[in-house]
Amino acid sequence: MKKTTLKDGTKIYCITKLEAQMLDMHVSAYLKNDIEINSKDTIIDVGANIGIFGHRILQQCKPEIIAFEPIDTIFKVLEKNMKLSNNDKYKIFPYGISDKNEFIDFVYYPNCPALSTSNPDIWNDKQQLLLAIKGSLEFAPKEWWWAKFIPVQFYSLIIYWMKRNSKHIKCELKTLSYIIEYNSLNKIDLLKVDCEGHELKVLDGIDEIHWPLIKQIVIEIHNIDDRLNKIINILKKQGFKLKVEKEPSLKETDLFNIYAKRSDFH
(Lines give C-alpha, C1' and ligand atoms only; values in the text may rest on other atoms or scores of the structure.)
Protein backbone atom coordinates (compact mmCIF):
# COMPACT_ATOMS: atom_id res chain seq x y z
CA MET A 1 0.00 0.00 0.00
CA LYS A 2 1.28 3.44 -0.97
CA LYS A 3 0.44 7.02 -0.10
CA THR A 4 0.20 9.81 -2.63
CA THR A 5 -0.55 13.52 -2.75
CA LEU A 6 -3.38 14.70 -5.02
CA LYS A 7 -3.23 17.93 -7.02
CA ASP A 8 -4.60 20.10 -4.17
CA GLY A 9 -2.25 18.65 -1.56
CA THR A 10 -4.69 16.06 -0.21
CA LYS A 11 -2.85 12.96 0.99
CA ILE A 12 -4.50 9.60 0.42
CA TYR A 13 -3.61 5.91 0.50
CA CYS A 14 -3.64 4.08 -2.83
CA ILE A 15 -2.57 0.96 -4.70
CA THR A 16 -1.08 2.87 -7.63
CA LYS A 17 -0.38 6.59 -7.56
CA LEU A 18 -1.30 7.22 -11.20
CA GLU A 19 -4.67 5.53 -10.77
CA ALA A 20 -5.43 7.57 -7.65
CA GLN A 21 -4.83 10.76 -9.63
CA MET A 22 -7.06 9.58 -12.47
CA LEU A 23 -9.81 8.46 -10.06
CA ASP A 24 -9.72 11.91 -8.49
CA MET A 25 -10.36 13.47 -11.89
CA HIS A 26 -13.35 11.17 -12.50
CA VAL A 27 -14.77 11.83 -9.03
CA SER A 28 -14.81 15.58 -9.68
CA ALA A 29 -17.30 14.93 -12.50
CA TYR A 30 -19.72 13.18 -10.12
CA LEU A 31 -20.12 16.32 -8.04
CA LYS A 32 -21.43 18.48 -10.91
CA ASN A 33 -24.80 18.92 -12.63
CA ASP A 34 -26.75 20.36 -9.71
CA ILE A 35 -25.96 17.47 -7.36
CA GLU A 36 -26.58 18.83 -3.85
CA ILE A 37 -24.92 17.56 -0.67
CA ASN A 38 -25.09 18.82 2.89
CA SER A 39 -24.09 17.60 6.34
CA LYS A 40 -27.48 16.08 7.16
CA ASP A 41 -27.45 13.81 4.11
CA THR A 42 -27.03 10.06 3.76
CA ILE A 43 -24.88 9.02 0.82
CA ILE A 44 -24.51 5.50 -0.58
CA ASP A 45 -21.27 4.85 -2.47
CA VAL A 46 -21.51 1.68 -4.58
CA GLY A 47 -18.11 0.76 -6.01
CA ALA A 48 -16.17 2.91 -3.56
CA ASN A 49 -12.76 1.68 -4.75
CA ILE A 50 -10.14 3.33 -2.49
CA GLY A 51 -12.59 5.96 -1.23
CA ILE A 52 -11.66 9.14 -3.10
CA PHE A 53 -15.33 10.01 -3.66
CA GLY A 54 -16.08 9.85 0.06
CA HIS A 55 -12.88 11.71 0.89
CA ARG A 56 -13.74 14.59 -1.42
CA ILE A 57 -17.30 14.85 -0.11
CA LEU A 58 -16.04 15.02 3.48
CA GLN A 59 -13.86 17.98 2.51
CA GLN A 60 -17.06 19.86 1.62
CA CYS A 61 -19.36 18.84 4.48
CA LYS A 62 -19.88 15.97 6.93
CA PRO A 63 -22.74 13.73 5.74
CA GLU A 64 -23.23 10.08 6.59
CA ILE A 65 -21.45 7.97 3.96
CA ILE A 66 -22.07 4.24 3.56
CA ALA A 67 -19.56 2.78 1.11
CA PHE A 68 -19.15 -0.65 -0.48
CA GLU A 69 -16.09 -2.33 -2.00
CA PRO A 70 -16.12 -6.12 -2.50
CA ILE A 71 -12.46 -6.78 -3.42
CA ASP A 72 -10.39 -7.32 -0.29
CA THR A 73 -7.14 -5.76 -1.52
CA ILE A 74 -8.95 -2.57 -2.52
CA PHE A 75 -11.12 -2.63 0.62
CA LYS A 76 -8.04 -2.51 2.84
CA VAL A 77 -6.98 0.75 1.19
CA LEU A 78 -10.53 2.09 1.51
CA GLU A 79 -10.36 1.25 5.22
CA LYS A 80 -7.13 3.24 5.63
CA ASN A 81 -8.65 6.23 3.84
CA MET A 82 -11.83 5.99 5.88
CA LYS A 83 -9.72 6.25 9.06
CA LEU A 84 -7.72 9.08 7.49
CA SER A 85 -10.95 11.05 7.06
CA ASN A 86 -11.45 11.00 10.84
CA ASN A 87 -15.24 10.93 10.49
CA ASP A 88 -17.30 8.48 12.52
CA LYS A 89 -20.20 8.84 10.05
CA TYR A 90 -18.11 7.22 7.31
CA LYS A 91 -19.04 3.52 7.25
CA ILE A 92 -17.58 0.91 4.89
CA PHE A 93 -18.58 -2.65 4.07
CA PRO A 94 -16.54 -5.39 2.31
CA TYR A 95 -19.13 -6.41 -0.25
CA GLY A 96 -20.71 -5.22 -3.46
CA ILE A 97 -24.28 -4.39 -4.41
CA SER A 98 -26.37 -6.41 -6.86
CA ASP A 99 -29.86 -7.78 -7.56
CA LYS A 100 -29.53 -10.64 -5.05
CA ASN A 101 -27.52 -11.67 -1.99
CA GLU A 102 -24.86 -14.07 -3.23
CA PHE A 103 -21.15 -14.79 -3.75
CA ILE A 104 -19.77 -14.48 -7.29
CA ASP A 105 -16.40 -14.38 -9.06
CA PHE A 106 -14.71 -11.02 -9.66
CA VAL A 107 -11.62 -10.45 -11.76
CA TYR A 108 -9.07 -8.29 -9.96
CA TYR A 109 -6.47 -6.44 -12.03
CA PRO A 110 -3.57 -5.60 -9.66
CA ASN A 111 -1.90 -3.25 -12.17
CA CYS A 112 -5.12 -1.30 -12.71
CA PRO A 113 -7.52 -2.04 -9.82
CA ALA A 114 -10.23 0.31 -11.13
CA LEU A 115 -10.86 -2.16 -13.99
CA SER A 116 -11.73 -4.93 -11.52
CA THR A 117 -15.18 -6.31 -12.22
CA SER A 118 -17.58 -9.22 -12.07
CA ASN A 119 -18.12 -8.65 -15.81
CA PRO A 120 -14.67 -8.97 -17.42
CA ASP A 121 -16.29 -9.23 -20.85
CA ILE A 122 -16.71 -5.45 -20.82
CA TRP A 123 -12.94 -5.17 -21.30
CA ASN A 124 -12.80 -7.58 -24.25
CA ASP A 125 -13.47 -4.76 -26.71
CA LYS A 126 -9.90 -3.64 -27.35
CA GLN A 127 -11.05 -0.68 -29.43
CA GLN A 128 -13.00 0.73 -26.48
CA LEU A 129 -9.97 0.39 -24.22
CA LEU A 130 -7.76 2.07 -26.81
CA LEU A 131 -10.21 4.99 -27.00
CA ALA A 132 -10.34 5.21 -23.19
CA ILE A 133 -6.54 5.34 -22.99
CA LYS A 134 -6.38 7.93 -25.76
CA GLY A 135 -8.91 10.15 -23.97
CA SER A 136 -7.36 9.62 -20.54
CA LEU A 137 -3.96 10.71 -21.82
CA GLU A 138 -5.42 13.63 -23.77
CA PHE A 139 -7.25 14.94 -20.67
CA ALA A 140 -4.73 13.66 -18.13
CA PRO A 141 -4.12 15.39 -14.79
CA LYS A 142 -1.59 18.20 -15.01
CA GLU A 143 0.90 16.07 -13.07
CA TRP A 144 1.04 13.75 -16.08
CA TRP A 145 3.20 16.13 -18.12
CA TRP A 146 4.73 13.12 -19.85
CA ALA A 147 1.38 11.79 -21.20
CA LYS A 148 1.55 13.75 -24.46
CA PHE A 149 4.84 12.05 -25.31
CA ILE A 150 3.42 8.49 -25.31
CA PRO A 151 3.08 7.32 -28.94
CA VAL A 152 -0.18 5.71 -30.07
CA GLN A 153 1.78 2.56 -30.93
CA PHE A 154 2.33 1.99 -27.19
CA TYR A 155 -1.38 1.92 -26.31
CA SER A 156 -1.70 -1.82 -26.93
CA LEU A 157 1.22 -2.42 -24.57
CA ILE A 158 -0.53 -0.31 -21.94
CA ILE A 159 -3.66 -2.48 -22.26
CA TYR A 160 -1.56 -5.63 -21.95
CA TRP A 161 0.07 -4.26 -18.79
CA MET A 162 -3.26 -3.12 -17.30
CA LYS A 163 -4.81 -6.58 -17.66
CA ARG A 164 -1.68 -8.58 -16.82
CA ASN A 165 -1.61 -10.95 -13.82
CA SER A 166 -5.37 -10.76 -13.26
CA LYS A 167 -6.81 -12.84 -10.42
CA HIS A 168 -10.20 -14.46 -9.85
CA ILE A 169 -11.62 -13.64 -6.43
CA LYS A 170 -14.87 -14.76 -4.79
CA CYS A 171 -16.77 -11.70 -3.51
CA GLU A 172 -19.95 -11.18 -1.55
CA LEU A 173 -22.86 -9.15 -2.94
CA LYS A 174 -26.04 -7.86 -1.32
CA THR A 175 -29.05 -5.92 -2.60
CA LEU A 176 -29.49 -2.24 -1.92
CA SER A 177 -32.87 -3.01 -0.33
CA TYR A 178 -31.09 -5.33 2.10
CA ILE A 179 -28.70 -2.47 2.94
CA ILE A 180 -31.59 -0.05 3.47
CA GLU A 181 -33.29 -2.42 5.88
CA TYR A 182 -30.11 -3.55 7.64
CA ASN A 183 -29.08 0.07 8.33
CA SER A 184 -32.66 1.26 9.02
CA LEU A 185 -32.29 4.01 6.42
CA ASN A 186 -35.23 6.35 5.95
CA LYS A 187 -33.63 8.33 3.13
CA ILE A 188 -30.80 8.25 0.60
CA ASP A 189 -29.92 11.76 -0.48
CA LEU A 190 -27.39 10.57 -3.05
CA LEU A 191 -26.79 7.14 -4.55
CA LYS A 192 -23.49 6.97 -6.44
CA VAL A 193 -22.92 3.85 -8.57
CA ASP A 194 -19.62 3.08 -10.30
CA CYS A 195 -19.23 -0.68 -10.45
CA GLU A 196 -17.79 -1.59 -13.86
CA GLY A 197 -20.67 -3.20 -15.71
CA HIS A 198 -22.83 -4.22 -12.76
CA GLU A 199 -24.89 -1.02 -12.60
CA LEU A 200 -28.17 -2.39 -13.98
CA LYS A 201 -28.17 -5.15 -11.36
CA VAL A 202 -27.69 -2.55 -8.62
CA LEU A 203 -30.93 -0.86 -9.68
CA ASP A 204 -32.71 -4.20 -10.10
CA GLY A 205 -31.92 -4.90 -6.43
CA ILE A 206 -34.04 -1.98 -5.22
CA ASP A 207 -37.51 -3.01 -4.08
CA GLU A 208 -40.40 -0.84 -5.23
CA ILE A 209 -41.10 0.39 -1.68
CA HIS A 210 -37.55 1.74 -1.34
CA TRP A 211 -37.33 3.82 -4.54
CA PRO A 212 -39.09 6.86 -2.98
CA LEU A 213 -36.26 7.07 -0.39
CA ILE A 214 -33.71 7.91 -3.09
CA LYS A 215 -33.45 11.62 -3.94
CA GLN A 216 -30.44 11.84 -6.29
CA ILE A 217 -28.39 9.35 -8.32
CA VAL A 218 -25.06 9.55 -10.11
CA ILE A 219 -24.34 6.42 -12.12
CA GLU A 220 -21.63 5.43 -14.59
CA ILE A 221 -22.97 3.20 -17.35
CA HIS A 222 -21.21 0.81 -19.70
CA ASN A 223 -23.60 0.92 -22.63
CA ILE A 224 -23.67 -2.78 -23.45
CA ASP A 225 -26.86 -4.46 -24.73
CA ASP A 226 -28.71 -1.13 -24.73
CA ARG A 227 -28.07 -0.73 -21.01
CA LEU A 228 -28.13 3.06 -21.19
CA ASN A 229 -31.73 3.17 -22.44
CA LYS A 230 -32.81 0.47 -20.00
CA ILE A 231 -31.50 2.49 -17.07
CA ILE A 232 -32.94 5.74 -18.42
CA ASN A 233 -36.38 4.08 -18.62
CA ILE A 234 -36.09 2.72 -15.05
CA LEU A 235 -35.16 6.12 -13.63
CA LYS A 236 -37.83 8.01 -15.56
CA LYS A 237 -40.45 5.51 -14.42
CA GLN A 238 -39.36 6.20 -10.83
CA GLY A 239 -39.87 9.95 -11.25
CA PHE A 240 -36.35 11.23 -11.86
CA LYS A 241 -35.29 14.05 -14.13
CA LEU A 242 -32.10 13.12 -15.96
CA LYS A 243 -28.97 14.53 -17.52
CA VAL A 244 -26.86 12.15 -19.62
CA GLU A 245 -23.26 13.18 -20.23
CA LYS A 246 -19.84 11.89 -21.12
CA GLU A 247 -16.66 12.89 -19.36
CA PRO A 248 -14.29 14.60 -21.82
CA SER A 249 -11.68 11.86 -21.35
CA LEU A 250 -14.26 9.19 -22.25
CA LYS A 251 -16.04 11.03 -25.06
CA GLU A 252 -15.20 8.41 -27.71
CA THR A 253 -16.13 5.40 -25.56
CA ASP A 254 -19.42 3.72 -24.65
CA LEU A 255 -19.21 5.03 -21.07
CA PHE A 256 -21.85 7.51 -19.91
CA ASN A 257 -22.73 9.28 -16.67
CA ILE A 258 -26.34 9.81 -15.66
CA TYR A 259 -27.22 12.52 -13.15
CA ALA A 260 -30.73 11.93 -11.81
CA LYS A 261 -32.76 14.04 -9.41
CA ARG A 262 -36.34 13.70 -8.28
CA SER A 263 -38.54 16.40 -9.76
CA ASP A 264 -39.75 17.31 -6.24
CA PHE A 265 -36.23 17.42 -4.72
CA HIS A 266 -34.81 20.86 -3.98
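All residue numbers in this chain count up from 1 along the given sequence.
- V218 and I258 are not part of a single hydrophobic cluster, where members link through side-chain heavy atoms under 4.5 Å apart.
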Legend entry - Verdict with supporting geometry, I234 and L200, side chain to side chain contact (heavy atoms under 4.5 Å, CB included): CA-CA 9 Å; I234 289 171; L200 182 56; 3.7 Å; yes
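- Legend: residues meeting ring pair (Phe, Tyr, Trp, His ring centres under 6.0 Å) with F75, ordered by chain and number and at least two apart, are absent.
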Inset, instruction - Decide side chain to side chain contact (heavy atoms under 4.5 Å, CB included) for S249 and H26; before the verdict, give the C-alpha distance in whole Å, the side-chain angles of both, and the deciding distance to 0.1 Å. - result: CA-CA 9 Å; S249 64; H26 288 309; 3.6 Å; yes
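- You'll find the side chain of I97 stays beyond 4.5 Å of the side chain of C195, heavy atoms only.
- Between H210 and T175 the shortest side-chain heavy-atom distance does not fall below 4.5 Å.
- Using a 4.5 Å heavy-atom threshold, the side chains of V46 and L191 count as touching.
- The minimum heavy-atom distance linking A20 with I52 is given by the pair O-CD1, 3.3 Å.
- Of all non-hydrogen atoms in K40 and D189, the two that sit nearest each other are O-OD2, 4.3 Å.
- I219 is connected to L176 through a chain of hydrophobic side-chain contacts under 4.5 Å among Ile, Leu, Val, Met, Phe, Trp and Tyr, so both are in one cluster.
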Inset, instruction - Check the pair L235 / W211 against side chain to side chain contact (heavy atoms under 4.5 Å, CB included), numbers first and verdict last. - result: CA-CA 10 Å; L235 296 178; W211 272 105; 4.0 Å; yes
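- The two residues K236 and L242 come nearest to each other via the heavy atoms CG-CD1, 3.8 Å.
- Under the salt bridge (Lys or Arg N to Asp or Glu O under 4.0 Å) criterion, the residue pairs touching residues 43-57 are D8-R56, D24-R56, D45-K192, with sequence neighbours excluded.
- When all heavy atoms of C171 and I71 are compared, the closest pair comes out as SG-CG1, 4.0 Å.
- In this structure, I35 CD1 and L190 CG are separated by 6.0 Å, a value rounded to the nearest 0.5 Å.
- Both V77 and I169 belong to a common hydrophobic cluster when Ile, Leu, Val, Met, Phe, Trp and Tyr are linked at side-chain heavy-atom distances under 4.5 angstrom.
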For residues 114-121, please give each side-chain donor-acceptor pair under 3.5 Å, one per line with the distance, not counting sequence neighbours.
from, atom 1, to, atom 2, distance (Å)
S116, OG, Y109, N, 3.1
S116, OG, P113, O, 2.8
T117, OG1, N119, N, 2.7
T117, OG1, E196, O, 2.7
S118, OG, H198, ND1, 3.0
N119, ND2, G197, O, 3.4
N119, ND2, H198, ND1, 3.4
D121, OD1, N124, ND2, 3.2

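- Taking 4.5 Å as the limit, every side-chain heavy atom of Q21 sits out of range of all side-chain heavy atoms of K7.
- Looking at N49, its side chain never comes within 3.5 Å of a backbone N or O of E69 through a donor-acceptor pair.
- K246 is linked by a side-chain contact (heavy atoms from CB on, under 4.5 Å) to F256, counting only residues two or more places apart in sequence or in another chain.
- Side chain of D105 to main chain of H168: no donor-acceptor pair is present (N/O by atom type, distance under 3.5 Å, no hydrogens or angles).
- Applying the salt bridge (Lys or Arg N to Asp or Glu O under 4.0 Å) test to every pair with at least one member in residues 87-103, sequence neighbours left out, gives these pairs: E64-K91.
- Minimum heavy-atom separation, F139 to P248: CE1-O, 3.4 Å.
- A donor-acceptor pair is defined here as one N or O able to donate and one able to accept, closer than 3.5 Å; no such pair exists between the side chain of E252 and the backbone of G135.
- Going from atom NZ of K2 over to atom OG1 of T16 covers 6.5 Å, rounded to the nearest 0.5 Å.
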Inset, instruction - Go through the steps to decide whether F53 and I65 satisfy the test side chain to side chain contact (heavy atoms under 4.5 Å, CB included), and finish with yes or no. - result: CA-CA 10 Å; F53 180 70; I65 300 176; over 6 Å; no
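- Within 6.0 Å of atom CG in D226, more than 12 heavy atoms from other residues, nucleotides or ligands are found, so the atom counts as buried in its surroundings.
- Every residue meeting the salt bridge (charged side-chain N to carboxylate O under 4.0 Å, His left out) condition with D34, not counting sequence neighbours, appears here in chain and number order: K243.
- Note: T253 OG1 to I133 CD1 = 12.0 Å, rounded to the nearest 0.5 Å.
- Linking ILVMFWY residues whenever their side-chain heavy atoms come closer than 4.5 Å, directly or via other members, leaves L78 and I44 in distinct clusters.
- Looking at every heavy atom in both residues, L213 comes nearest to N186 through CD2-O, 3.3 Å.
- Side-chain contact between H55 and L84 is present, with heavy atoms from C-beta onward closer than 4.5 Å.
- Sorted by first and then second residue, the salt bridge (Lys or Arg N to Asp or Glu O under 4.0 Å) pairs with a member in residues 151-162 form an empty list; sequence neighbours excluded.
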List the atom pairs, donor and acceptor, that lie under 3.5 Å between side-chain atoms in residues 149-166 and the rest of the protein, sequence neighbours left out.
from, atom 1, to, atom 2, distance (Å)
S156, OG, K126, NZ, 3.2
K163, NZ, W123, O, 3.1

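- Between the CG atom of L255 and the CD atom of Q128 there is a distance of 7.0 Å, given to the nearest 0.5 Å.
- The backbone N or O of G47 lies less than 3.5 Å from no partner atom in the side chain of D194, so there is not a single donor-acceptor pair.
- The hydrophobic clustering, which links ILVMFWY residues whose side-chain heavy atoms are closer than 4.5 Å, places V244 and I214 together.
- Separation of atoms CD1 (I179) and NZ (K174) is listed at 7.0 Å; rounding is to 0.5 Å.
- Between the side chain of D41 and the backbone N or O of N38, at least one donor-acceptor pair lies under 3.5 Å.
- Listed by chain and number, the residues in a ring pair (Phe, Tyr, Trp, His ring centres under 6.0 Å) with F93 are F68, Y95 (sequence neighbours excluded).
- Taking CD from E79 and CG from N81, the interatomic distance works out to 10.5 Å, rounded to the nearest 0.5 Å.
- One finds no salt bridge joining E36 and K215 here, because no Lys/Arg side-chain nitrogen approaches an Asp/Glu carboxylate oxygen to under 4.0 Å.
- Annotation: salt bridge (charged side-chain N to carboxylate O under 4.0 Å, His left out) contacts of K17 (sequence neighbours excluded): none.
- The ring pair (Phe, Tyr, Trp, His ring centres under 6.0 Å) check on W146 picks up W144, with sequence neighbours excluded.
- When atom types are taken as modelled, the side chain of K251 and the backbone of E247 share no donor-acceptor pair closer than 3.5 angstrom.
- Take E143 and apply the salt bridge (charged side-chain N to carboxylate O under 4.0 Å, His left out) test, not counting sequence neighbours, and it matches no residue.
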